[in-house]
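Chain naming here is simple, since letters A, B, ... match the order of the sequence lines and numbering starts at 1 in each. Everything numeric in this text was worked out from a predicted model, so none of it was measured.
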Number of protein chains: 2
Amino acid sequence: MRPNQPSLTPAGEVKRAQPPTLRDVAEAAGVHAATASRALNPSTRRLVSAETARRVIKAAKTLGYQPNPIARSLKTAKSSTVGLVIPDLTNPLFPPIVRGIEDVLEAEGFSAWIVNTDNDPERERARIDSLRSRQVEGLIIATARVDHPFLEALHEQGVKMVLVNRRVENLEVPYVTADDATGIALAVRHLADLGHRRIAHLAGPQGTSTGVVRSRAFRHAIRDHGLEDDPSLIVECARWNEADGATAMRELLDRDDRFTAVVAGNDLIALGCYDVFAERGISCPDEMSVVGFNDMPFIDKLRPPLTTVGVPHNDIGAEAARMLLDCIEEPERRPRSLLLPVTMVVRDSTTHPRPLPSP
Amino acid sequence: MRPNQPSLTPAGEVKRAQPPTLRDVAEAAGVHAATASRALNPSTRRLVSAETARRVIKAAKTLGYQPNPIARSLKTAKSSTVGLVIPDLTNPLFPPIVRGIEDVLEAEGFSAWIVNTDNDPERERARIDSLRSRQVEGLIIATARVDHPFLEALHEQGVKMVLVNRRVENLEVPYVTADDATGIALAVRHLADLGHRRIAHLAGPQGTSTGVVRSRAFRHAIRDHGLEDDPSLIVECARWNEADGATAMRELLDRDDRFTAVVAGNDLIALGCYDVFAERGISCPDEMSVVGFNDMPFIDKLRPPLTTVGVPHNDIGAEAARMLLDCIEEPERRPRSLLLPVTMVVRDSTTHPRPLPSP
DNA sequence: GCGCGGACTGCAAACGAGTGCGGGCTATCA
DNA sequence: TGATAGCCCGCACTCGTTTGCAGTCCGCGC
């Protein structure tokens with residue numbers, strides 16, 4: 001009945017519910033456990049004769065032997081496991097990245113421990129400590145802030161890691177992000193082409209590299225296109241979410257509502273704008289154009305479908321994972337970072353400013 | 001500089017980058033490792049004198065000792081870890097459930113391993129085997145099918161588990177789901193109240209308990225309200241996603257488009273309907289009302305905002321986790337299942353059928 | 001004064017796998 | 001025939017922790 005290798009022992013030992021151990025296969029193959037270990041491990045297989053190797057492997061197969069990763073980790077201080085540190089799995093931005101990561105990890109026999117920090121540094125510390133005590137071989141971190149002493153300390157201690165979506169200043173650690181600067185440039189160009197002259201920016205938290213890069217790129221792009229460069233058109237959101245996007249948008253509207261378009265730091269902030277539009281009866285895109293950033297899943301189903309800049313979520317994850325594996329395999333290699341290309345995704349949340357430019 | 005306990009050894013041993021071990025704290029406290037172990041573990045602490053316990057605990061604290069979970073797992077065959085088996089993290093339904101699970105697990109000192117199966121039984125098997133070899137103490141499973149021999153086998157082997165969102169026939173395993181039947185009844189009543197007489201149903205896969213419960217409830221509700229009970233108004237979606245929802249909707253429209261409303265098996269299927277509406281220029285809700293199921297995150301931001309039945313995602317996760325912990329703590333307890341209450345969430349995707357009933 | 005029990009604590013053996021070291025065997029050559 | 005090298009394989013220890021068992025010491029009662 002039972003699928004595994006239950007109780008085929010000649011005697012009536014039905015107790016054998018435990019999975020087979022290395023000793024079991026050694027015994028079955030008539031060799032010592034040490035020999036079995038060497039035979040099963042490809043890198044040490046050359047130390048045993050081809051014949052015994054064959055016998056051991058066969059025994060392992062018929063017994064359904066699976067090495068115990070716990071015991072192996074204890075001995076080797078490795079675990080074929082990496083930690084994934086993200087702020088909140090509930091943010092739709094992350095699941096696709098996680099999938100990208102898992103896909104390449106899995107292909108290499110690794111797997112990922114996911115932890116949420118909720119943007120709480122204390123929590124982050126605790127979760128990372130826990131990951132380390134579980135012998136993860138590296139960390140993929142999506143919660144980096146511009147100034148992040150804890151990560152610096154980890155790096156000093158030789159913890160392998162790669163940053164996704166973020167970087168930290170003065171820290172020589174590989175990162176993979178979308179090409180935020182050209183993304184913002186594309187967004188501004190799109191709005192400028194539509195005829196907008198006064199464009200606002202709901203900047204992401206300036207404690208994150210993404211926030212500063214995007215807002216800096218915004219100011220550059222504004223100047224490049226000769227648009228109105230008014231500092232009061234930029235307000236910073238406390239966090240990358242709808243609520244803080246909404247409060248920033250309210251502040252902006254209360255301060256000066258003569259702008260006709262806004263580029264949001266990311267899609268969630270744009271969603272916050274939508275909420276404020278609903279509150280105040282502002283029609284989008286007729287009265288106000290908005291463009292987001294990230295092209296989150298389902299953001300195309302919104303009302304109206306959000307114009308945004310698309311980033312390759314899966315690739316970001318996949319590249320980060322590949323990079324981490326590289327770091328693990330050859331610790332000497334210099335950190336190498338990656339900026340992934342973005343695309344402008346035009347939907348219905350942007351249009352010409354009102355009054356329409358005469359054709 | 002470094003935050004931990006680096007190299008405070010009196011001699012110049014800077015090598016001490018390794019975290020302190022139980023032996024280290026035992027030595028520091030002037031006792032044997034066994035005593036230190038007992039002193040540190042609350043459940044065995046009464047075996048040592050209060051004085052030594054105090055000394056050991058203090059030494060552990062100053063050294064910054066953290067027990068090595070790997071070694072502990074190896075010895076005790078426990079891991080304070082449970083496996084989370086879900087089809088796809090990218091489905092927005094799951095992250096909130098996962099968060100609910102993690103919140104209660106964390107409070108009990110447990111943590112969760114998340115794995116995706118992509119609805120591939122082979123993959124599911126492999127991932128679960130991997131979880132088991134990592135000594136998880138139980139499984140929370142969101143991928144159950146009505147007939148699921150693998151899960152039955154696991155249960156036979158004494159693997160503790162609880163099912164979320166699903167159940168499997170003839171398997172005495174606790175499950176926690178939303179109250180699907182009354183949810184569907186609510187949806188049908190809502191549409192009937194609006195005046196709809198011919199209501200279609202895009203049923204979820206009948207290989208899942210959720211699919212069969214909801215479609216059975218649909219037929220009951222239709223009869224209870226004396227509506228048109230036409231079997232050709234029900235079509236089954238191959239999977240719980242947009243694409244299969246869309247193809248089912250197309251099939252329905254091609255077959256008979258005289259219905260005025262549709263209750264979708266879940267929100268993603270409803271999203272598929274939206275896609276088809278866009279394709280064929282059908283206006284929702286004016287020409288066609290649709291109600292979803294689950295009240296996924298962001299589904300309220302859709303065009304139009306989806307009327308749906310709300311389920312307590314977080315609670316589902318939390319209750320499932322609590323239930324699993326109960327099973328782990330007292331293996332003798334009878335399986336106890338839970339049906340969580342749902343609510344009708346009326347938004348803009350439903351309205352009176354056209355022609356409007358005269359007021 | 002002896003024995004006994006209780007309270008602590010140390011010893012040592014695990015858990016399952018990996019690995020340095022040495023020993024046995026065979027083959028080769030002087 | 002004896003020495004040497006090389007190939008295999010087993011012994012025994014290790015990773016860090018838990019735990020059954022046994023030993024020590026003390027106090028108390030008969």
Side-chain angles (χ1 to χ4, degrees), chain A residues 16-57 59-60 63-81 109 130 132-135 137, chain B residues 16-57 59-60 63-81 109 130 132-135 137:
Chain A
R16 207 79 183 89
Q18 305 295 343
T21 153
L22 183 59
R23 275 178 152 70
D24 295 333
V25 343
E27 197 170 342
V31 297
H32 191 270
T35 310
S37 168
R38 283 186 270 254
L40 258 12
N41 194 325
S43 71
T44 50
R45 188 166 301 155
R46 52 177 193 78
L47 295 177
V48 311
S49 79
E51 164 55 19
T52 38
R54 204 190 51 74
R55 230 172 47 241
V56 170
I57 291 172
L63 286 183
Y65 169 72
Q66 290 293 112
N68 181 329
I70 308 261
R72 179 176 289 178
S73 291
L74 180 58
K75 179 64 184 168
T76 63
K78 297 188 187 317
S79 61
S80 290
T81 284
S130 148
R132 292 186 59 195
S133 73
R134 288 199 156 83
Q135 309 275 32
E137 297 186 35
Chain B
R16 206 81 183 89
Q18 305 295 344
T21 152
L22 183 60
R23 275 178 153 72
D24 295 333
V25 343
E27 197 170 341
V31 298
H32 191 269
T35 310
S37 170
R38 284 187 270 254
L40 260 11
N41 193 326
S43 72
T44 51
R45 187 166 300 155
R46 52 175 194 78
L47 295 176
V48 310
S49 79
E51 163 56 17
T52 37
R54 204 190 50 73
R55 233 172 44 242
V56 170
I57 290 173
L63 286 183
Y65 169 72
Q66 290 293 112
N68 181 330
I70 309 260
R72 179 176 289 176
S73 292
L74 180 59
K75 181 63 185 169
T76 63
K78 297 188 189 315
S79 62
S80 288
T81 285
S130 148
R132 293 186 59 196
S133 72
R134 288 201 156 81
Q135 308 275 32
E137 297 187 36

Within a 6.0 Å radius of atom CD on B:Glu27, are there more than 12 heavy atoms belonging to other residues, nucleotides or ligands? no
Give a yes or no answer on whether the side chain of A:Glu137 reaches the backbone of A:Ser80 with a donor-acceptor pair at less than 3.5 Å. yes
Whether the side chain of A:Arg38 engages the backbone of A:Arg45 through a donor-acceptor N/O pair (distance < 3.5 Å, no angle test) should be reported. no
Whole angstrom value for the distance that separates P of C:dG16 from CD of A:Gln135: 19 Å
Just to confirm, is there a sub-4.0 Å distance from OP1 or OP2 of D:dT18 to any side-chain nitrogen or oxygen of B:Ser37? yes
Are the side chain of A:Ser37 and the backbone of A:Ala33 linked by a donor-acceptor contact shorter than 3.5 Å? no
A:Val25/A:Leu40 under side chain to side chain contact (heavy atoms under 4.5 Å, CB included): CA gap, chis, key distance, verdict: CA-CA 10 Å; A:Val25 343; A:Leu40 258 12; 4.3 Å; yes
What string of B, S and - do you get for nucleotides 5-10 of chain D, 5' to 3', if B is base contact, S is sugar-phosphate-only contact and - is no contact with any protein heavy atom under 4.0 Å? ---SSB
Gap between atom OG of A:Ser79 and atom CG of A:Leu74 - 0.5 Å precision: 12.0 Å
Should B:Arg134 and B:Thr81 be marked as a side chain to side chain contact (heavy atoms under 4.5 Å, CB included) after you check the CA-CA gap, both sets of side-chain angles, and the distance that decides it? CA-CA 9 Å; B:Arg134 288 201 156 81; B:Thr81 285; over 6 Å; no
Tell me whether A:Ser133 contacts the main-chain N or O of B:Asn68 through its side chain, where contact means a donor paired with an acceptor under 3.5 Å. no
Identify all pairs in which a protein N or O lies below 3.5 Å from an N or O of nucleotides 13-16 of chain D, and state each distance.
residue: D:dT14; atom: O2; partner: A:Lys75; partner atom: NZ; Å: 2.6

